[in-house]
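For reference, the structure discussed in these notes is given below.
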Amino acid sequence: IEDNPVEVKYIDQNPEFCIATIYPSRAVPVDPLITGKPIEGYVIVGIEINPGEVQISGPSEIINNLGTIRTELLDIEGASTDVKRELKLQDYEGVYLSPGEQSRVQVLVRIEKIVERTIEYEDIDVRNLDSELKAQIEDEKISVIIRGSSSYVTTVKSSDIKVYVDLEGATKGDKLYPVKIDNIPKGVELIDIEPTSVKVSIK
């Protein structure tokens, strides 16, 4: 009866013992299963997972061969803004979440618009010119057109990209040389260079 203690002599435990199997455990990264793609003109710039890994347990021959824990499917087809979802972790035979671990994770897919930007250069580097020669580049602005997600493109500084002409083996006289580009930042694509060549006077 509730609130009335029962004397031990009236309690019978059968069986008197049990067998517990203790498995090894390890931390495994979470791998979100994402399908589809953003609407045209937009791109995925990053994926955030919280938590990024979970502690699992199970037979060592199983968990040691498991590289990641995948989530249920997340479809981002046609998205034009960030997509945030709570996703359930997939079940794996013989694999168990350790005590205290949640069976769901938060996944954020960051999506941004693709933009183009033109950066103009008046000073062009000269490389590999013979030390006995001098070069004069005809006054001309060089326009470098880059493309990428808005967060990448807007942070590019003109000094990040190197614009130059390679004068290795050049001799005296006036000649057109191709404009070359170095150090395009990660996440940014070079679309065009205008003009593609400049007149150089070498004396």
Side-chain angles (χ1 to χ4, degrees), residues 26-56 66-92 97 101-128 137-166 176-198:
R26 63 184 287 254
V28 179
V30 176
D31 180 19
L33 184 56
I34 297 172
T35 187
K37 58 184 180 180
I39 195 171
E40 187 175 353
Y42 288 76
V43 66
I44 296 174
V45 295
I47 299 173
E48 299 176 14
I49 311 146
N50 186 27
E53 63 178 24
V54 292
Q55 196 79 18
I56 61 171
L66 188 64
T68 61
I69 291 286
R70 307 202 78 175
T71 67
E72 62 183 328
L73 190 66
L74 173 59
D75 188 359
I76 63 163
E77 185 67 32
S80 59
T81 58
D82 293 350
V83 178
K84 185 176 182 180
R85 295 285 188 277
E86 184 179 77
L87 300 179
K88 187 178 184 300
L89 297 174
Q90 291 187 15
D91 294 325
Y92 293 78
L97 290 174
E101 291 286 0
Q102 300 295 318
S103 62
R104 293 177 176 271
V105 296
Q106 295 287 339
V107 175
L108 172 62
V109 181
R110 294 198 175 278
I111 296 173
E112 291 184 1
K113 187 175 183 179
I114 298 172
V115 297
E116 289 190 2
R117 177 184 169 197
T118 300
I119 304 176
E120 293 191 342
Y121 295 83
E122 294 183 357
D123 296 324
I124 305 170
D125 291 339
V126 172
R127 297 186 183 179
N128 301 319
I137 299 176
E138 187 175 275
D139 291 340
E140 190 159 14
K141 288 184 179 180
I142 303 297
S143 296
V144 175
I145 304 171
I146 57 175
R147 179 171 63 192
S149 65
S150 56
S151 63
Y152 282 97
V153 169
T154 56
T155 58
V156 174
K157 300 176 183 177
S158 59
S159 58
D160 293 337
I161 300 174
K162 305 302 180 184
V163 181
Y164 69 99
V165 289
D166 188 347
L176 289 174
Y177 289 88
V179 178
K180 298 187 176 182
I181 302 292
D182 258 354
N183 296 350
I184 295 296
K186 181 181 178 181
V188 173
E189 178 186 3
L190 175 65
I191 297 302
D192 199 8
I193 307 169
E194 298 176 355
T196 57
S197 60
V198 290

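We count residues from 1, following the sequence as given. Values below: every heavy atom of this structure, side chains too, minus hydrogens, waters and symmetry copies. As the structure is a prediction and not an experimental result, all values here were calculated from the model.
- Looking at heavy atoms from C-beta onward, Val43 lies out of side-chain contact with Pro38 at the 4.5 angstrom threshold.
- The neighbour count for Glu116 CD, taken as heavy atoms of other residues, nucleotides or ligands under 6.0 Å away, is above 12.
- Counting only heavy atoms from C-beta outward, the side chains of Arg104 and Arg85 never approach each other to under 4.5 Å.
- Distance check, rounded to the nearest 0.5 Å: CG of Asp125 to NZ of Lys180 gives 13.5 Å.
- At a threshold of 4.5 Å between non-hydrogen side-chain atoms, the residues Thr196 and Pro178 do not count as touching.
- Residues Ile69 and Leu97 fail the side-chain proximity criterion, which asks for heavy atoms closer than 4.5 Å.
- Heavy atoms from other residues, nucleotides or ligands lying under 6.0 Å from CG of Asp182 number more than 12.
- Separation of atoms OG (Ser197) and CD1 (Ile142) is listed at 8.5 Å; rounding is to 0.5 Å.
- Residues Asn183 and Asp160 have side chains not in contact (no heavy-atom distance under 4.5 Å, counting atoms from C-beta outward).
- Taken to the nearest 0.5 Å, the CG atom of Asp166 stands 8.0 Å off from the CZ atom of Arg127.
- Here the side chain of Tyr121 pairs no donor or acceptor atom with the backbone of Tyr164 at under 3.5 angstrom.
- Rounded to the nearest 0.5 angstrom, Glu86 CD and Leu74 CG are separated by 12.5 Å.
- The two residues Gly148 and Val153 come nearest to each other via the heavy atoms N-CG2, 3.3 Å.
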Audit row: Asp82, Arg110, salt bridge (charged side-chain N to carboxylate O under 4.0 Å, His left out) steps and yes/no: CA-CA 5 Å; Asp82 293 350; Arg110 294 198 175 278; 3.2 Å; yes
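- Across all their heavy atoms, Ser80 and Ile111 have their closest contact at C-CG2, 4.1 Å.
- Residues Gly67 and Val28 approach most closely at O-CG1, 3.5 Å, considering heavy atoms.
- Nearest heavy-atom pair, Ile56 versus Leu66, reported as atom, atom and distance to 0.1 Å: CD1-CD2, 3.8 Å.
- Here the shortest heavy-atom pairing between Ala79 and Val83 reads CB-CG2, 3.8 Å.
- Separating the CG atom in Asp31 from the CD atom in Gln90 is a distance of 9.0 Å, to the nearest 0.5 Å.
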Criterion side chain to side chain contact (heavy atoms under 4.5 Å, CB included) on Thr118 and Val144, from CA distance to verdict: CA-CA 6 Å; Thr118 300; Val144 175; over 6 Å; no
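- What you find for Glu53 and Pro29 is that their closest heavy atoms are CB-CA, 3.9 Å.
- Side-chain contact check for Pro195 versus Val179: every heavy-atom pair is 4.5 Å or farther apart.
- The number of heavy atoms from other shown groups lying within 6.0 Å of NZ (Lys37) does not exceed 12.
- Proximity of Glu77 to Thr35: side-chain heavy atoms (C-beta onward) are nowhere separated by under 4.5 Å.
- With hydrogens and angles disregarded, no donor-acceptor distance shorter than 3.5 Å links the side chain of Glu194 to the backbone of Ser143.
- Between Ile76 and Ile44, some side-chain heavy-atom pair lies under the 4.5 Å cut-off.
- Within the 3.5 Å criterion, the main-chain N or O of Val198 finds no donor-acceptor partner in the side chain of Glu140.
- Here the CG-CG distance, from Leu33 to Leu73, works out to 5.0 Å after rounding to the nearest 0.5 Å.
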